[in-house]
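Just so it is clear: chains get the letters A, B, ... in the order the sequence lines come, proteins before strands, and each one is counted from 1. Below, all heavy atoms of this structure are taken into account, side chains as well, without hydrogens, waters or symmetry copies.
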Number of protein chains: 2
Amino acid sequence: MATPTLATVAKLAGVSTATVSRALQRPDKVQPETRRRIMEAVAATGFVPNSQARNLRSRASRTVILLVRDISNPFYLEIYKGVEEAAVEAGYSVLMGDARDDDQRIQHYVDTVRARHADGLILMIGRFPEALKAEIPRLPPIVIALETFPDIALPTVRIDNIAASREAVNHLIGLGHRRIAHITGPMPERLALDRLAGYRAALAEHGIGEDEALVLNGDFSLAAGRRAVRRLFETDTAFTAIFAASDQMAVGAISELRARGHHVPADISVVGFDDIVLADAFEPPLTTVHQPRFAIGRQAMAQMIAMLSNKAPATTPDILMETRLIIRGSTGPRHGVARRSRLRGHVSSA
Amino acid sequence: MATPTLATVAKLAGVSTATVSRALQRPDKVQPETRRRIMEAVAATGFVPNSQARNLRSRASRTVILLVRDISNPFYLEIYKGVEEAAVEAGYSVLMGDARDDDQRIQHYVDTVRARHADGLILMIGRFPEALKAEIPRLPPIVIALETFPDIALPTVRIDNIAASREAVNHLIGLGHRRIAHITGPMPERLALDRLAGYRAALAEHGIGEDEALVLNGDFSLAAGRRAVRRLFETDTAFTAIFAASDQMAVGAISELRARGHHVPADISVVGFDDIVLADAFEPPLTTVHQPRFAIGRQAMAQMIAMLSNKAPATTPDILMETRLIIRGSTGPRHGVARRSRLRGHVSSA
DNA sequence: CTGAAAGCGCTAACAT
DNA sequence: ATGTTAGCGCTTTCAG
């Protein structure tokens, strides 16, 4: 049996296709009795409107693409849920795409929107491809979430990474730590730069001199956390605490510390960033910066809906969401000189 | 500036729209010189074919929906990647949807396919909604991954849950454990039933009697793992090992055991299922059943492509993927009577 | 090898 | 309140 179309339903209900269309779109514009007959026919035929045709005609797909840096990072899932909830309420669908930090893939998703497969793009990627900058005038509606691109004026929903990092590092300083290492995000990116800036601000505030050996490049991954700790030992750098720019790196760092016989937080304190789901089940439970992921997702979609409804405000919105430092078991007071030298001993014997 | 269409390009290149379409679809059917002019015009206008119109005409969307039980379970992300890779190779796109164990949402996604938004559906959900069973004759192409529905003949890609669970429990028995608890998946589901069956088979094989107090209902979540351990203590049930039907539950269980002062694996051994990303960074590193997630995703998409190309084999394929027990730090030999009674003491004092 | 013309299924004007 | 008509942008016969 062929797929039923508007015409199938129209014939069965004894009305024109236009009336069926109206009964489905604006039920109040059609007589109750007619509507009833039409609905009956719809049910009888199992009719589902062909969205391709509908969208072709109405020049909108009511779909939005959420493009993330790396889909295998569970961090984005909670954001997706926020986006999806706001979307469904407004009658939109959400499609999640994986950018994998690859310009080609990003371009592909932009083209998907240009091909009218989706109406807009919510970007959570670290880089804005050069090739796209040239196309800005003819780009589809875009909202940036979590990230920021300084020279590009697009609606943005983000957190204050500098302030959040400062608070995290201040927590460590408050516990007596002075030799605090920082594992950064992928490096020339705003996100990573801001968290580093927050780290530096906290140190400066307390008159603690910087030591470049304490700053390790990372990329948010578990492996990067392990690598950073290894490097600290290889370079004989003394430290009593670590501030990692992501929970995954914090977990990697703790795992490597443990492998080398150091205890967290007894010997070394560790702070993460993100508050991933497993953060409080981890041993030790992670002290970390909580981001309101769900709310960020909702806000981003709200901005997108505003753009798509042409309710665009005069100025480009830049919405700041609140973060919160959650203190759990992975941080503790710095230990006395004895322990410090014990650590030093380990280091030099490495 | 309006979005360029075929006509825009055609005019610029001085040819008909049909020729432009051909140049894009089957370049060999058009003269090299003409083709070159057309490509130039495409580049100049920034033309991207409108997929709605194309699909409306060609009656295919080249998109597949991957519908998962719960999108916030990172377990599915690796599968998504496998699906996506196979899809991209064949010129398909993938859309990931969140079923949340809700019949309405599932129906919505089926309708999305019926609305020609997608060509097929890869299902990784625990229940096949009753309402859908009636519609089976007019359902779109569907592939089932990970799960199975006994009375429904659809192409399936899965693992042997019974054998995998048996192997996991045998490992515990080999370490000397006899009082082994099992935390199940969501309960009347095939997946949960099979893992329970494997658990029972291993016990039977070694003449170990069953104790219903050792079987706890779960739902794959971290919280369920915690709850199960609490219940074991509340009911005064002696045990020296736990086999959890998911890593998340294993992590929850370990976290609760620790909170009650028990050490893993010194006092209690724990085995999980899935081998999630954090399994080996966890403390202790999790002994667990590894599933070839990426390969499962690829296979599922391969089946889907076969269905969509009408290369459907005579019989409904049921593809079994290999699992592997990975032994890490969360399991160890059962301790002597002394420790056992120490545990008992804890229990009775609870 | 290329062009003219029809039409995929729907919605938006316009007419009644 | 409902029907008629004309396309949305593309692919696909069918001619030439």
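- Residue B:Leu6 contributes atom CG, which lies 10 Å from atom P of D:dG9 at whole-angstrom precision.
- Residues A:Asp98 and A:Arg105 are not paired through a salt bridge, judged by the lack of any N-O separation under 4.0 Å between the basic side chain and the carboxylate.
- Here the closest heavy-atom approach between residue B:Ile106 and residue B:Ala99 is recorded as CG1-CB, 4.0 Å.
- Remark: side-chain polar atoms of B:Arg37 are paired, donor with acceptor, to backbone N or O of B:Ala13 under 3.5 angstrom.
- Rounded to an integer number of Å, the gap from CG of B:Asn50 to C1' of D:dT11 is 13 Å.
- Tested against A:Tyr76 for a side-chain contact (heavy atoms from CB on, under 4.5 Å), the candidates A:Leu66, A:Val83, A:Val68 yield a single pass: A:Val68.
- Looking at every heavy atom in both residues, B:Gln303 comes nearest to B:Ile319 through NE2-CD1, 2.9 Å.
- Going from atom CZ of B:Arg54 over to atom C1' of D:dC10 covers 8 Å, rounded to whole Å.
- One finds no salt bridge joining A:Asp102 and A:Arg100 here, because no Lys/Arg side-chain nitrogen approaches an Asp/Glu carboxylate oxygen to under 4.0 Å.
- Between B:Arg35 and B:Arg59, it is B:Arg35 whose nearest contact on DNA chain C lies nearer the 5' terminus.
- With 3.5 Å as the limit, one finds no donor-acceptor pair spanning the side chains of A:Thr112 and A:His117.
- Among the heavy atoms of the strands lying under 4.0 Å from A:Thr34 are primed sugar atoms or P, OP1, OP2 only; no base atom is included.
- Put simply, CG on B:Asn55 is 14 Å from C1' on D:dC8, counting in whole angstrom units.
- Annotation: proximity of residues 10-26 of chain A to DNA chain C (heavy atom, distance under 4.0 Å) is found for A:Ala18, A:Ser21, A:Arg22, A:Gln25, A:Arg26, numbered in ascending order.
- Ion pairing between a basic and an acidic side chain is recognised when a charged N comes within 4.0 Å of a carboxylate O; B:Lys81 and B:Glu85 show no such pairing.
- Scanning DNA chain C 5' to 3' for nucleotides with an atom closer than 4.0 angstrom to a non-hydrogen atom of chain B gives a first and last hit of C:dC1 to C:dG9.
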